> 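Got a structure for you, questions after.
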There are 2 protein chains.
Amino acid sequence: MNVNSGGVMAYIRLKDIAEKANVSINTVSRALKDQDDIGVETKKRIQEIADDLGYIPNASASQLRTKSNKMIGVVITHMDNAFYARILQGINDAVADLGYTILALSSGENLDKENTILKTLIANRVDGTIIVPSCDLENTLDYDHLGVPHITIVRKGNRNSRSYFISDSLESGRIAARHFYSIGRKNPAYIGFDLPVSCNRDRLQGFQQNLEEFGIPLLSERVMHCPATHKAAYEQATDLLRRDTKIDSIFVYNDIMSLGVLRAIHDLGLSIPSDIRILGHDDISDAHFYTPSLSSIRVPKYRLGYDSATELVGIIRDSSFPQRNVTYQPELIIRET
Amino acid sequence: MNVNSGGVMAYIRLKDIAEKANVSINTVSRALKDQDDIGVETKKRIQEIADDLGYIPNASASQLRTKSNKMIGVVITHMDNAFYARILQGINDAVADLGYTILALSSGENLDKENTILKTLIANRVDGTIIVPSCDLENTLDYDHLGVPHITIVRKGNRNSRSYFISDSLESGRIAARHFYSIGRKNPAYIGFDLPVSCNRDRLQGFQQNLEEFGIPLLSERVMHCPATHKAAYEQATDLLRRDTKIDSIFVYNDIMSLGVLRAIHDLGLSIPSDIRILGHDDISDAHFYTPSLSSIRVPKYRLGYDSATELVGIIRDSSFPQRNVTYQPELIIRET
DNA sequence: GGACCAGGATCTGACGTCTTA
DNA sequence: GTAAGACGTCAGATCCTGGTC
């Protein structure tokens with residue numbers, strides 16, 4: 001930091017260091033990058049001066065020149081959602097080690113907003129993007145023409161994007177069906193997410209198909225959809241269980257909604273697991289501590305984030321890097337519900 | 001997007017638009033900003049061409065020239081924490097309306113990492129920062145010399161930063177004491193956060209002092225500290241309650257830890273509220289749905305984020321903007337625990 | 001008919017860094 | 001080790017053109 005003629009704070013520039021060290025700007029630039037075509041002495045002296053002055057390079061200037069700002073754009077649907085928060089953590093940890101910073105924004109599952117966000121990311125000339133396509137079944141955004149490498153996660157994106165890292169939702173549905181069958185439940189229900197996303201469609205489809213193979217029908221009046229909140233799920237479950245007292249098991253779209261469902265069951269005076277069994281999805285860290293502790297289908301959230309980010313950096317660094325699609329297998333975690 | 005001579009994708013520049021429109025670069029620049037010293041016809045024509053070409057301005061170039069990139073840096077301790085996630089939402093909503101984007105990073109309550117993050121934010125020449133000082137009681141980072149306006153939130157920062165937006169933690173402690181007193185509990189305990197942060201110190205202090213005024217001692221062996229996780233709190237509570245069966249009420253640092261405490265009590269076969277009562281803090285959205293539903297002390301998270309961000313933008317836009325300190329009053333929410 | 005004016009567009013240079021010679 | 005120039009954008013000054021008084 002500096003105080004210039006106007007009395008206003010100004011950032012230290014290479015030029016300031018150069019003047020103090022009596023060398024050219026260029027020499028300073030190279031010295032601070034620890035390049036080796038420069039005298040050891042000079043280099044050391046310059047680095048000390050830079051430290052003294054508290055020099056912090058201007059990323060904008062650097063990006064303008066080098067076309068890279070070491071930033072990865074991330075678009076997720078919701079920040080305040082344990083599932084995505086955990087994925088984000090994985091992404092962050094992966095890229096931090098590789099010298100990148102993430103610019104993460106949330107779309108709120110809104111296509112217009114997602115589009116705006118993508119423009120913001122491009123305006124900032126991020127080196128690559130990781131995207132959770134909002135409402136993927138109706139999403140027509142064209143990620144391939146963003147001009148930067150991208151990977152979609154959690155959902156493929158409607159155009160079958162070049163590279164995606166997802167969890168197998170069909171399999172999640174099948175796992176749920178197998179689970180309910182194996183514990184002898186014959187009257188299952190499904191409480192899903194009310195937006196056009198493939199994970200909801202696939203989970204329901206896998207659930208339904210596999211149940212049928214076991215000779216268990218999934219009645220259409222036992223399939224409901226609502227927003228992914230505690231409250232909405234609470235209301236939906238209350239309604240469902242009041243209407244239909246035969247239901248003995250519910251597969252719920254995610255753990256956040258499951259918490260609402262658990263509470264609804266409690267308030268209705270039903271008991272878990274004797275009257276009814278609940279299976280959530282995602283296995284967020286809270287699930288283990290709910291009362292009763294929630295059975296769930298685990299998705300490797302952190303790893304999905306970490307791996308996809310590592311892959312993206314690979315693509316950024318070497319455009320001939322082979323594009324991969326990775327599908328993780330979910331895992332059944334049985335607890336008290 | 002463009003394909004240049006090398007066959008590589010390149011972003012559209014003002015120059016490309018200028019050539020197509022047969023005007024100077026500058027005219028394009030002004031036209032796209034909808035400035036009024038330009039012919040209406042020309043302006044419209046230029047805007048259409050820009051649209052056609054899918055022009056997205058280069059924020060780095062713009063920042064280099066104007067010294068502003070419309071970004072606000074945000075440093076919080078943890079992304080995957082409902083309390084901070086909600087604050088972040090407030091910040092995001094506030095600045096989005098004002099044309100700013102947030103660059104949010106998490107320190108993990110680690111001073112070195114916080115320092116690194118601040119450097120990253122400065123390197124990106126953000127227009128201002130909102131900071132949750134990690135380990136504020138031992139934090140010696142000097143925010144006043146960052147070179148950009150800043151506001152600290154949740155915690156003041158050890159240097160009594162110029163402007164802060166916090167919740168009154170002393171009052172939280174007092175509220176807890178009053179609450180336990182009013183329901184006739186005489187053997188309270190406190191499970192706190194094991195890092196040197198003022199909110200923990202103040203809550204404990206307010207709690208203890210007020211209890212004493214009511215003639216209720218807070219025994220030192222009933223005050224424990226641990227990491228802010230479900231698991232650590234579960235273990236701590238289990239340990240505490242096994243050791244000391246007289247405890248009839250626990251004030252817990254936050255709701256995340258409270259969930260672990262609730263579960264510990266359940267596993268020990270104790271009942272809530274007859275045997276023991278629990279009071280959490282923050283009132284995260286889950287609390288209402290826990291079983292039993294968690295009594296908590298509400299902090300206006302969203303508003304704290306929204307207001308502080310609005311304030312910061314005010315300061316950025318007008319450096320003579322009066323600097324304020326805002327302290328929100330927490331509110332007792334009594335539920336089943 | 002010359003001086004003046006305003007609107008509309010252009011020219012020049014600079015921001016801080018880094019590559020090329 | 002240096003010097004020169006470029007990256008894309010934008011502020012400020014400059015230069016037109018045609019119209020008025």
Side-chain angles (χ1 to χ4, degrees), chain A residues 1-2 4-6 8-47 50 53-70 122-125 127 147, chain B residues 1-2 4-6 8-19 21-47 49-50 53-70 122-125 127 147:
Chain A
M1 206 63 40
N2 230 350
N4 67 18
S5 56
V8 184
M9 288 291 209
Y11 292 108
I12 299 292
R13 301 157 300 171
L14 289 180
K15 191 180 178 190
D16 301 316
I17 301 172
E19 282 167 5
K20 210 150 204 161
N22 268 318
V23 293
S24 74
I25 293 176
N26 201 343
T27 305
V28 176
S29 176
R30 308 177 96 98
L32 295 183
K33 294 215 154 108
D34 204 16
Q35 298 190 354
D36 45 6
D37 54 352
I38 217 169
V40 183
E41 277 307 308
T42 325
K43 195 189 283 186
K44 202 177 147 206
R45 191 164 53 91
I46 292 175
Q47 283 166 347
L53 263 45
Y55 172 70
I56 297 179
N58 183 330
S60 294
S62 177
Q63 132 69 23
L64 195 56
R65 190 68 255 253
T66 63
K67 305 287 175 202
S68 164
N69 56 7
K70 297 285 185 183
I122 296 303
N124 283 283
R125 301 298 191 257
D127 292 350
Chain B
M1 207 62 41
N2 231 349
N4 66 18
S5 55
V8 184
M9 288 291 206
Y11 292 109
I12 301 293
R13 303 158 298 171
L14 288 179
K15 189 180 179 191
D16 300 316
I17 300 172
E19 281 167 7
N22 267 317
V23 293
S24 74
I25 292 176
N26 206 323
T27 305
V28 176
S29 175
R30 310 178 97 101
L32 296 183
K33 297 217 153 108
D34 204 16
Q35 299 189 354
D36 45 8
D37 56 351
I38 217 171
V40 183
E41 278 306 308
T42 325
K43 192 190 285 187
K44 202 178 144 205
R45 193 165 50 93
I46 291 175
Q47 283 165 347
I49 294 178
L53 264 44
Y55 172 70
I56 297 179
N58 182 329
S60 294
S62 178
Q63 132 70 23
L64 195 56
R65 186 71 251 257
T66 63
K67 306 285 175 201
S68 163
N69 56 7
K70 295 283 183 185
I122 297 303
N124 282 284
R125 300 299 190 258
D127 292 350

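Throughout, protein chains are lettered first and strands after them, A, B, ... in sequence-line order, and every chain is numbered starting at 1. Please read these numbers as outputs of a predicted model, since none were measured by experiment.
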> Does A:T42 have a side-chain nitrogen or oxygen under 4.0 Å from the phosphate oxygens OP1 or OP2 of D:dG1?
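For D:dG1, OP1/OP2 do have a side-chain N/O of A:T42 under 4.0 Å.
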> Using heavy-atom distances to pick each residue's nearest nucleotide on DNA chain C, tell me which of B:A61 and B:I25 is more 5'.
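Looking at the nearest nucleotide for each, B:I25 comes out on the 5' side.
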> Is the phosphate of C:dC11, meaning OP1 or OP2, less than 4.0 Å from a side-chain N or O of B:S24?
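No, B:S24 has no side-chain N/O under 4.0 Å of OP1/OP2 on C:dC11.
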> Look at the side chain of A:N26 against the base of C:dT19 and say whether a donor-acceptor pair falls under 3.5 Å; ignore hydrogens and angles.
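A donor-acceptor contact between them is present.
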> D:dT9 P sits how many Å from B:D16 CG, rounded?
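Atom CG in B:D16 sits about 9 Å away from atom P in D:dT9.
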> Between C1' on D:dG8 and CD on B:E19, what's the gap in Å once rounded to a whole number?
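Rounded to the whole Å, the gap is 13 Å.
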> Please report, rounded to the nearest Å, how far the P atom of D:dG8 is from the CG atom of A:N58.
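It works out to 16 Å between those atoms.
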> From the set D:dC10, D:dG12, D:dC7, return the single nucleotide nearest to any side-chain atom of A:K67.
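Out of D:dC10, D:dG12, D:dC7, the nucleotide with an atom closest to A:K67's side chain is D:dC7.
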> Starting from the C-alpha separation in whole Å, work towards a yes-or-no answer on side chain to side chain contact (heavy atoms under 4.5 Å, CB included) for B:N124 and A:N124.
CA-CA 10 Å; B:N124 282 284; A:N124 283 283; over 6 Å; no
> Atom CG of B:N69 to atom C1' of D:dG8: distance rounded to whole Å?
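Going from CG in B:N69 over to C1' in D:dG8 covers 15 Å.
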> Just how far, in rounded Å, is C1' of C:dT17 from CG of B:L64?
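It is 8 Å, rounded to the nearest whole Å.
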> What is the distance, rounded to the nearest whole Å, between atom CG of B:D37 and atom P of C:dT10?
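It works out to 12 Å between those atoms.
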> Base, sugar-phosphate or nothing for B:S60? Non-hydrogen atoms, less than 4.0 Å.
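Touches nothing.
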> Tell me if the CD atom of B:Q35 is crowded by more than 12 foreign heavy atoms within 6.0 Å.
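Yes.
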> What's the CD1-P distance between B:I12 and D:dC7, to the nearest Å?
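Atom CD1 in B:I12 sits about 15 Å away from atom P in D:dC7.
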> Both A:L14 and A:R30 contact DNA chain C. Which one's nearest nucleotide lies toward the 5' end?
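On the 5' side of the pair lies A:L14.
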> Answer yes or no: does a side-chain N or O of A:S62 lie under 4.0 Å from OP1 or OP2 of C:dC18?
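Answer yes for this pair, as a side-chain N or O of A:S62 is under 4.0 Å from OP1 or OP2.
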> Using a heavy-atom cut-off of under 4.0 Å over every strand shown, decide if A:K15 touches base, sugar-phosphate, or nothing.
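The residue A:K15 makes no contact with any strand.
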> Quick one: B:Y11 OH to D:dG8 P, roughly how many Å, whole number?
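It is 12 Å, rounded to the nearest whole Å.
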> So what does B:T27 hit on the nucleic acid, given a heavy-atom distance under 4.0 Å: a base, only sugar-phosphate, or nothing?
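The residue B:T27 makes base contact.
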